Amino acid sequence: MAEHRYDPQEIEPRWQQVWADEHTWEVSNDEPVDADDTSYVLEMLPYPSGEPHIGHLKVYSVGDAVAHFHRRTGRRVLHPMGYDAFGLPAENHAIRTGQHPRESTEEAIRSFQRQFREWGISIDWSRELSTHTPEYYRWTQWIFLQLFQHGLAYRKDAAVKWCPNDATVLANEQVIDGRCERCGHIVEVRQLEQWFFRITDYADQLVEELDTIAWPEHVKTMQRNWIGRSEGAEVTFRCEELGIDYPVFTTRPDTLFGATFFVMAPEHPDIERLIEGTGREQEVRDYVNHAASESLEERGDADKPKTGVFLGRHVINPVNGEALPMYVADYVLMEYGTGAIMAVPAHDPRDYAFAQAYGLPIKRVIADPDGSDELPYTGDGPLVNSNPDFDGMYNREALDKIVDWLDREGKGHRSVNYRLRDWLVSRQRYWGTPIPIIHCPVDGMVPVPEDQLPVVLPDVTDYKPKGKSPLAAAEEWVNVTCPVCGGPARRETDTMDTFVDSSWYFLRYTDPHNDQRAFDPEVANRWMPVDQYIGGVEHAILHLLYARFFTKALADLGQLDVREPFERLFTQGMITKDGAKMSKSKGNVVSPASIVDRFGVDTARAYTLFIGPPDQDADWSDTGVEGMHRFLARLWRLSAIAADELPDVPVPDDLSEDGLRVVRKAHWAIDKVTNDMDQRFAFNTAIAAVMELINEVRPERRGDADAGSVRFALATAASLLFPFAPHVATDAYHLLTGRRVWEEPWPAAEQQFLEADTFELVVQVNGKLRDRVEAPADASKDRLLELARSLPNVQAHVDGQQVVKEIVVPGKLVNIVVRS
RNA sequence: GCGGAUGUGGCGGAAUUGGUAGACGCGCGGCGUUCAGGUCGCCGUGGGAGCAAUCCCGUGGAGGUUCGAGUCCUCUCAUCCGCACCA
């Protein structure tokens with residue numbers, strides 16, 4: 001007989017060809033579906049750049065395992081693929097080389113396509129999409145217009161984050177520690193007119209509806225923190241000198257009586273008006289100008305000493321009529337609350353630092369129940385120095401009473417504030433979806449009529465950003481006639497943030513070739529929500545928040561029934577090398593292609609799943625990969641030999657002792673793998689269980705096991721391994737049974753083989769393991785005790801002692817408690 | 001500062017409901033196969049004592065609850081991640 005050598009380079013393309021020829025993984029929208037029988041498994045779409053890296057291999061290995069498991073447990077699975085193709089790296093490459101971003105991007109897409117096919121991922125290729133194609137971005141533009149027409153997209157002049165290196169504005173979410181998320185350059189603040197999506201309208205829902213989805217707790221927490229919901233009150237302070245009311249937001253109205261000054265943000269629009277005629281104009285202007293010149297990083301440093309300038313005006317504290325001096329200080333932010341605060345130095349560390357620096361009064365109004373006099377005190381306690389009505393009252397109770405009282409007096413009311421800001425979506429860059437708006441001197445901002453979509457991205461020769469979009473140079477494209485009045489008008493030249501493209505792609509997959517609309521709501525509702533979404537934690541805020549916002553907005557616009565896009569989320573950990581993130585500059589990159597060349601893709605895929613719990617970071621080990629290859633080779637070789645040399649007979653009814661052991665192990669493995677797949681994402685232990693099964697049928701271990709039971713155990717191992725290493729599993733299963741494993745239902749463990757007639761009884765004395773003994777599974781408690789006491793080593797520890805207590809856990813152990 | 005997570009052999013990790021700590025894999029040691037070799041197969045492998053049976057110690061640290069704790073409770077240390085002048 002031919003030598004039995006595992007040859008992945010032959011096996012893998014052979015089965016990939018079958019799947020491609022037969023369109024095995026495609027699902028049609030024409031077949032009627034029952035929601036219970038369908039499953040939508042989705043990995044975050046890749047940004048195509050260069051070659052796929054090991055992280056891609058891991059996500060798609062995880063996703064494919066889930067997709068295969070869902071299919072074989074009787075569901076129709078939607079498992080599509082696409083590309084997040086717009087974005088800065090391709091554009092920066094174009095600036096350096098002059099190569100059109102479309103060319104370099106499509107080159108990368110071809111490379112991704114080729115590798116995903118070589119990886120044997122079970123993708124429905126008939127639904128493939130890319131966000132940079134007019135067929136796709138036409139509908140991105142359409143959604144933009146829907147949002148615009150419903151007031152959810154708007155343009156306004158605002159202080160925005162600007163990256164001088166990338167020469168574009170950024171969303172708040174794209175600024176990390178005062179630096180550009182993409183290039184790491186220090187971000188500036190500029191006053192510019194920009195496009196925003198009104199995501200803050202959904203702040204409340206975005207927090208509350210987190211409770212309805214099965215996401216990892218840390219991701220939910222990150223979203224909650226980002227949205228930053230605070231409950232408190234808005235309280236009005238009046239500047240009598242000018243007759244102007246200044247509302248402030250505070251989470252601590254219980255400390256109102258302790259307010260001793262009032263602070264405004266340097267950007268507050270009323271500063272000029274307030275200082276006029278006070279003689280303090282120059283000093284204040286110098287301070288405001290200095291604050292404006294600071295970078296976000298400098299300004300945002302909480303450890304920086306507090307600075308500020310007196311404005312020469314006062315406001316009245318509504319609870320006691322005291323006049324409080326007004327200051328301008330850069331620790332107050334214009335973007336949060338009302339851009340002005342009441343300062344309570346006794347109970348706020350920042351106000352305390354400011355009061356110390358400027359010699360302002362500090363008035364304690366909440367006592368420390370522990371009797372400490374230390375300030376600032378931010379804890380709870382009874383009110384003091386406030387007002388006879390409230391003094392002595394516990395502060396949390398007083399808080400409500402004070403707000404009620406302000407409300408009755410018309411001086412304040414309950415209020416909720418969010419840290420979340422509206423999503424700034426316009427970018428002054430070329431390689432993105434054009435914003436479908438026309439600016440007309442007569443009619444203002446006019447949407448491009450739907451029948452004129454898409455607004456196709458024109459070709460330009462110079463991609464270099466010059467503070468405005470490179471599109472502005474495409475004069476022929478920019479100059480249009482106004483759709484309303486027919487007069488001369490100009491197109492919007494900004495493009496959209498690429499996160500807009502990826503905020504709805506999961507809907508397009510459900511109906512990818514529809515040229516009448518973005519998607520048919522009836523079809524989308526059939527598949528949505530995504531049953532299992534898989535991706536990296538780095539998207540915990542940006543993408544996942546935006547996609548949730550889009551889904552809610554589209555639902556409100558009547559396009560969709562679901563309000564949450566991703567029912568379950570799984571965030572996979574990073575694969576590192578020598579403890580560090582892989583990067584070209586560190587030279588520690590493991591390329592999937594090199595692993596696939598050496599060992600085949602099954603080894604590479606199974607290893608990324610076996611390396612550790614898939615949600616945790618794991619370090620790549622070259623010898624670990626070899627171990628996985630050894631295991632797959634052993635599984636295939638044992639199967640091939642068994643197929644050749646053992647008679648093709650079923651599992652006999654009267655199993656030999658060895659045969660029974662092997663069959664039991666197979667059923668144990670079925671039970672274990674099924675549980676690990678279904679209940680949790682424990683692929684590492686699932687694969688370990690298959691390894692145990694294979695170890696049990698190695699020739700030197702299986703003894704006199706019947707041919708039928710050996711074949712059964714091997715076929716079961718192949719069947720269970722299929723979601724992780726589909727090619728070798730398919731081939732081994734086919735050799736043994738002549739059938740296609742992907743068409744077989746997931747195996748079911750039979751109870752009779754899960755339960756043995758005997759078990760190993762563990763015997764403890766005083767909780768310490770002293771011996772073990774084989775015991776009948778149906779033995780009574782008394783019988784187990786009797787068995788336990790008969791053991792010599794147990795007797796040695798019990799003799800001469802007084803037995804205090806005897807614990808019997810049937811099927812497990814006996815514990816004899818003694819006292820000397 | 002606030003919030004979240006994680007600490008188990010030489011290494012990655014397992015232990016699903018409080019019940020045999022260390023499954024599975026890597027590495028290492030020994031033996032075998034091979035002319036030789038990265039190969040392949042078998043056996044062994046937490047630490048300590050002992051010829052051995054066996055005993056003692058052992059899940060970051062200190063206490064506690066329990067017949068019994070990696071698992072539950074209190075305190076504590078370390079590491080990682082997110083947010084952070086958000087009133």
Side-chain angles (χ1 to χ4, degrees), chain A residues 176-177 216-226 228-230 232 248-252 255 263 265 299-304 306 329-333 335-344 347-351 353-354 378 417-421 537-538 540-541 607 610-613 615-628 630-631 633-634 637 672 675-676 679-680 682 684-692 694-695 698-701 760-772 792-793 796-797 804-809 811-818:
Chain A
I176 312 291
D177 294 332
E217 206 45 53
H218 69 280
V219 176
K220 290 188 182 183
T221 304
M222 279 162 79
Q223 293 222 346
R224 278 191 204 101
N225 286 348
W226 185 261
R229 184 178 200 274
S230 308
V248 301
F249 173 74
T250 177
T251 54
R252 297 293 305 275
T255 64
V263 192
R299 171 94 184 256
D301 182 5
D303 298 330
K304 178 176 95 154
K306 298 280 175 288
D330 66 0
Y331 78 93
V332 175
L333 310 174
E335 314 92 86
Y336 188 77
T338 61
I341 62 155
M342 65 164 192
V344 185
H347 303 290
D348 181 291
R350 297 152 303 176
D351 296 343
F354 191 85
T378 54
N417 244 278
Y418 298 93
R419 212 185 70 98
L420 182 71
R421 311 282 148 68
V537 248
E538 64 273 19
I541 294 173
Y607 179 64
F610 182 66
I611 189 168
D615 57 335
Q616 282 171 33
D617 290 353
D619 205 56
W620 184 268
S621 150
D622 291 329
T623 50
V625 185
E626 287 172 23
M628 180 53 68
R630 256 197 299 277
F631 163 64
R634 186 180 297 138
R637 194 177 57 248
K672 170 81 178 145
N675 250 300
D676 286 350
Q679 308 297 317
R680 36 201 221 145
N684 53 332
T685 51
I687 293 170
V690 182
M691 287 175 168
E692 284 195 52
I694 288 296
N695 285 340
R698 281 148 87 143
E700 53 284 334
R701 291 247 195 109
E760 193 176 57
L761 178 71
V762 168
V763 184
Q764 301 177 333
V765 178
N766 283 351
K768 283 198 165 145
L769 175 71
R770 291 306 175 190
D771 212 342
R772 308 159 217 245
N793 199 42
H797 285 89
V804 180
K805 202 171 185 179
E806 288 164 325
I807 316 269
V808 181
V809 184
K812 277 254 161 64
L813 59 75
V814 166
N815 186 14
I816 302 170
V817 185
V818 297

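FYI, side chains are in, hydrogens and waters are out, and symmetry mates aren't considered; it's all heavy atoms of this structure. Chain identifiers are assigned alphabetically (A, B, ...) following the order of the sequence lines, protein sequences preceding nucleic acid strands; residue numbering begins at 1 within each chain. None of the values given here were measured: they were computed from a predicted structure.
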Assigned glycosidic conformation for B:G9 [threshold 90° from 0]: syn
Nearest-angstrom distance from the residue atom CD of A:Glu626 to P of B:U39: 7 Å
Pair of N/O donor and acceptor under 3.5 Å linking B:C67 base with A:Asn815 side chain: yes
From B:G82, B:C85, B:G13, nucleotide with atom closest to A:Gln616 side chain: B:G13
A:His218 NE2 - B:C80 P separation (whole Å): 17 Å
Any A:Asn695 side-chain N or O less than 4.0 Å from OP1/OP2 of B:A23: no
Sugar-phosphate, base or nothing in reach of A:Gln764, heavy atoms under 4.0 Å: base
Sugar-phosphate, base or nothing in reach of A:Val332, heavy atoms under 4.0 Å: base
Distance, P atom - from B:A69 to B:G64, rounded to whole angstrom: 12 Å
Sugar-phosphate only, base, or nothing, as touched by A:Ile611 at under 4.0 Å among non-hydrogen atoms: sugar-phosphate
Residue A:Lys768, side-chain heavy atoms: nucleotide from B:C56, B:G41, B:G82 that is nearest: B:C56
Gap between atoms CZ and C1', on A:Arg634 and B:U39 respectively (whole Å): 13 Å
Close side-chain approach of A:Arg770 and A:Ile816, heavy atoms under 4.5 Å: no
Test side chain to side chain contact (heavy atoms under 4.5 Å, CB included) applied to A:Arg634 and A:Asn695, step by step: CA-CA 9 Å; A:Arg634 186 180 297 138; A:Asn695 285 340; 4.1 Å; yes
Touch class at under 4.0 angstrom, heavy-atom based, for A:Gly337 against every strand present: nothing
Residue A:Trp226, side-chain heavy atoms: nucleotide from B:C85, B:C83, B:A87 that is nearest: B:C83
Touch class at under 4.0 angstrom, heavy-atom based, for A:Arg229 against every strand present: nothing
side-chain N/O A:Arg224 vs B:G4 OP1/OP2, d < 4.0 Å: no
Phosphate OP1/OP2 of B:C26: any A:Arg630 side-chain N/O under 4.0 Å: yes
Pairing nucleotide - B:C80, Watson-Crick or G-U, each distance under 3.5 Å: B:G4
Closest to the A:Glu700 side chain, choosing from B:G41, B:G19, B:A15: B:G41
Pair partner, B:G29 [Watson-Crick or wobble, under 3.5 Å]: B:C43
Nearest-neighbour nucleotide for the A:Arg698 side chain, B:C42, B:G4, B:G19 considered: B:C42
Donor-acceptor pair, side chain of A:Asn417 and main chain of A:Ser230, under 3.5 angstrom: no
Pairing partner (Watson-Crick or G-U wobble, both distances under 3.5 angstrom) of B:G18: none
Identified pairing partner of B:U71, criterion: Watson-Crick or G-U wobble below 3.5 Å: none
A:Lys805 (side chain) and B:U66 (base): donor-acceptor pair under 3.5 Å: no
Any A:Ser621 side-chain nitrogen or oxygen under 4.0 Å from OP1 or OP2 of B:G25: no
Contact under 4.0 Å: A:Asn684 side-chain N or O vs B:A14 OP1/OP2: yes
Minimum-distance nucleotide to A:Arg701 side chain [options: B:A87, B:C67, B:C43]: B:C43
From B:C85, B:C24, B:G82, nucleotide with atom closest to A:Glu692 side chain: B:C24
Spacing between A:Asp617 atom CG and B:G13 atom C1', to the nearest angstrom: 14 Å
Distance, rounded to the nearest Å, where A:Ile807 contributes CD1 and B:G19 contributes C1': 10 Å
Closest non-hydrogen atom pair, A:Val219 against A:Ala540: CG1-CB, 4.0 Å
Distance between P atoms of B:G46 and B:A53 (Å, rounded): 15 Å
Candidate nucleotides B:A87, B:A14, B:G82, ranked by approach to the side chain of A:Pro613 - the nearest: B:A14
Working for side chain to side chain contact (heavy atoms under 4.5 Å, CB included), residues A:Met691 and A:Met628: CA-CA 10 Å; A:Met691 287 175 168; A:Met628 180 53 68; 3.9 Å; yes
N or O in side chain of A:Arg770 less than 4.0 angstrom from B:C55 OP1/OP2: yes
Cation-pi, A:Phe354 ring and A:Lys306 (6.0 angstrom, 45 degrees): no
Donor-acceptor under 3.5 Å (A:Tyr607 side chain, A:Asp622 main chain): no
Upstream residue (5' side of RNA chain B) when A:His797 and A:Asp676 are each assigned their closest nucleotide: A:Asp676
Under-4.0 Å side-chain N/O to phosphate OP1/OP2 contact, A:Arg637 with B:G41: yes
Touch class at under 4.0 angstrom, heavy-atom based, for A:Asn793 against every strand present: sugar-phosphate
Any strand: nucleotide that pairs with B:G9 via Watson-Crick or wobble, under 3.5 Å: none
Side-chain heavy atoms of A:Asp351 within contact of A:Ile341, under 4.5 Å: yes
Short side-chain N/O contact to B:A14 OP1/OP2 from A:Lys672, under 4.0 Å: no
Spacing between A:Lys306 atom NZ and B:A87 atom P, to the nearest angstrom: 14 Å
Closest-nucleotide 5' rank along RNA chain B - winner of A:Tyr331 and A:Phe610: A:Phe610
Separation of atom OH in A:Tyr336 from atom P in B:A87, rounded to whole Å: 4 Å
For B:U65, the Watson-Crick or wobble counterpart (both distances under 3.5 Å): none
Between B:A49 and B:C42 - C1' atom distance, rounded Å: 30 Å
Rounded interatomic separation in angstrom, taking CG from A:Asp348 and C1' from B:A87: 6 Å
Minimum-distance nucleotide (side-chain atoms of A:Thr623 versus B:C55, B:C26, B:A15): B:C26
Sugar-phosphate only, base, or nothing, as touched by A:Glu217 at under 4.0 Å among non-hydrogen atoms: nothing
Side-chain N or O of A:His347 closer than 4.0 Å to phosphate OP1/OP2 of B:A87: no
Electrostatic pair A:Asp348-A:Arg252, nearest N-O below 4.0 angstrom: no
